[in-house]
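In this text, all values refer to a predicted model and were calculated from it rather than measured experimentally. The first residue in the sequence is number 1, and the count goes up from there.
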Amino acid sequence: MAYSTLLIENGIARLTLNRPEVHNAFDDSLIAELNAHLEELHQLANAGDVRAVVLGSEGKSFSAGADLNWMKRMVEYDLEDNLADSRKLAALMHGLDTLPCPTLCRVQGAAFGGAVGLAACCDVVIASDKAKFCLSEVKIGLSPAVISPYVQRALGERQMRRYALTAEVMDAPTALALGLAHKVVEHEALDGEVDAMLNTLLAGSPQAQRATKALLASVAQAPDSDTTREHTCQVIAKLRVSHEGQEGLSSFFEKCRPAWTQSSSFQEQNNAAEPRS
């Protein structure tokens, strides 16, 4: 049985956790499926066949974190087994964080433990007013270790210390104020807001978005260095002389739409693709 699905329609990929009966909790099978989907998405995004990825889930909860039965099995694991498991989760977070195309996370309910990491790895997070976030690990003697680089990047070190140590629940307005979520809307308006954001993302040049994601990751490592400054110059110069860069500038001055927007409006997309599971 598939625990996740990947549906691609006209350049939009929807990666969906599909274990609503256990609140979309993580286990080794779900992590393996998601890693396989992300490997495919990396290839498709680099080729320009996927413009954006929407990460969501079925049911009431976004994800409750680790699956209880999986945690029971882990009690019997030795150190090497636990390291192997942790590395697969780390690969999942890294794979999502480094997707070349824009990523959008749809959070309709509770996001606990590793699910907070999934949200933090996405470029844009839109949450329902019913959403709740919690770094719950210390309450069961663990740590949000694998997800910590991504969540701390979103929250900042000071707020990360508080919420990782207290395991307090963040409601949607708090997550918005702290930078974990970018927008909070009424629950009934969530899907409409996701579609609106997709339209906004699809207005950008696919090549420029890929280059910008890679640039920002590089800049974050050394924001003020000779190497970084030269890299930023190289990126903009190469984009200016590229096909999409030339087309974008011409379209701007001629007051017309560039080719990448001609049929990219989400509302105009009518062709369906078969879901992958």
Members other than [X] in its cluster, when Ile, Leu, Val, Met, Phe, Trp, Tyr link by side-chain heavy atoms under 4.5 Å?
{"X": "L83", "value": "L79"}
{"X": "V138", "value": "none"}
{"X": "V184", "value": "L176"}
{"X": "V169", "value": "F112"}

If you take all heavy atoms of [X] and [Y], which pair is closest and at what distance?
{"X": "R153", "Y": "C121", "answer": "NH2-CA, 4.2 Å"}
{"X": "S251", "Y": "P258", "answer": "OG-CA, 3.4 Å"}
{"X": "A13", "Y": "L6", "answer": "CB-CD1, 4.0 Å"}
{"X": "L30", "Y": "A25", "answer": "CD2-O, 3.5 Å"}
{"X": "L198", "Y": "A52", "answer": "CD2-CB, 4.0 Å"}

Counting only N and O atoms by type, is there a donor-acceptor contact under 3.5 Å from the side chain of [X] to the main-chain atoms of [Y]?
{"X": "T212", "Y": "Q209", "answer": "no"}
{"X": "D27", "Y": "D67", "answer": "no"}
{"X": "R51", "Y": "G11", "answer": "no"}
{"X": "S63", "Y": "G65", "answer": "yes"}
{"X": "W260", "Y": "P206", "answer": "no"}
{"X": "T261", "Y": "R257", "answer": "no"}

L34 vs L17, side-chain contact (heavy atoms from CB on, under 4.5 Å): CA-CA, chis, key distance, verdict: CA-CA 9 Å; L34 292 174; L17 311 185; 3.7 Å; yes
What distance separates [X] [atom1] from [Y] [atom2], expressed to the nearest 0.5 Å?
{"X": "N69", "Y": "M74", "atom1": "CG", "atom2": "CE", "value": "10.5 Å"}
{"X": "S148", "Y": "L155", "atom1": "OG", "atom2": "CG", "value": "11.5 Å"}
{"X": "E247", "Y": "E254", "atom1": "CD", "atom2": "CD", "value": "10.0 Å"}
{"X": "N35", "Y": "E40", "atom1": "CG", "atom2": "CD", "value": "13.0 Å"}
{"X": "L7", "Y": "T5", "atom1": "CG", "atom2": "OG1", "value": "7.0 Å"}
{"X": "K213", "Y": "C101", "atom1": "NZ", "atom2": "SG", "value": "6.5 Å"}

Are [Y] and [X] co-members of a hydrophobic cluster defined by side-chain heavy atoms under 4.5 Å apart?
{"X": "F26", "Y": "Y150", "value": "yes"}
{"X": "M71", "Y": "V22", "value": "no"}
{"X": "Y77", "Y": "L142", "value": "yes"}

Donor-acceptor side-chain pairing of S4 and E33 below 3.5 angstrom: yes
Any side-chain donor near an acceptor of the partner, S57 and Q108, under 3.5 Å: yes
Can you sort out the partners of [X] under side chain to side chain donor-acceptor pair (under 3.5 Å), two or more places apart, ordered by chain and number?
{"X": "T228", "result": "S225"}
{"X": "K183", "result": "E193"}
{"X": "S136", "result": "none"}
{"X": "D81", "result": "none"}

Working for salt bridge (Lys or Arg N to Asp or Glu O under 4.0 Å), residues R73 and D28: CA-CA 10 Å; R73 295 202 309 273; D28 47 354; 2.8 Å; yes
Chi angles and distances behind the side-chain contact (heavy atoms from CB on, under 4.5 Å) call for L135, I147: CA-CA 10 Å; L135 296 167; I147 65 173; 3.7 Å; yes
Inter- and intrachain pairs under side-chain hydrogen bond (donor to acceptor under 3.5 Å, both in side chains), touching residues 157-176, at least two apart: E157-R161, R162-E168, T166-E168, D171-T174
K60 and P20, any side-chain heavy atoms less than 4.5 Å apart: no
Close side-chain approach of F62 to V107, heavy-atom, < 4.5 Å: yes
Whether over 12 other heavy atoms sit under 6.0 Å from L68 CG: no
Heavy atoms from other residues, nucleotides or ligands near NE2 of H42 exceed 12 (cutoff 6.0 Å): yes
Passing option when L99 is tested against L44, L41, L15 for side-chain contact (heavy atoms from CB on, under 4.5 Å): L41
Chi angles and distances behind the side-chain contact (heavy atoms from CB on, under 4.5 Å) call for V50, I8: CA-CA 8 Å; V50 164; I8 300 175; 4.3 Å; yes
Enumerate, atom names and distances included, each donor-acceptor pair closer than 3.5 Å involving a side-chain atom of residues 84-93, sequence neighbours excluded.
from: D85; atom 1: OD2; to: W70; atom 2: NE1; distance (Å): 3.0
from: S86; atom 1: OG; to: N82; atom 2: O; distance (Å): 2.9

Mind listing the side-chain donor-acceptor pairs of residues 185-192 below 3.5 Å, one per line with the distance, residues two or more places apart or on another chain?
from: H187; atom 1: ND1; to: S128; atom 2: OG; distance (Å): 2.8
from: D191; atom 1: OD1; to: R106; atom 2: NE; distance (Å): 2.7
from: D191; atom 1: OD1; to: R106; atom 2: NH2; distance (Å): 3.2

Derivation of the side-chain contact (heavy atoms from CB on, under 4.5 Å) call for I126 and H182: CA-CA 6 Å; I126 298 179; H182 294 92; 5.7 Å; no
Residue list, side chain to side chain contact (heavy atoms under 4.5 Å, CB included) with C122, at least two apart or on another chain: L55, L96, T103, C105
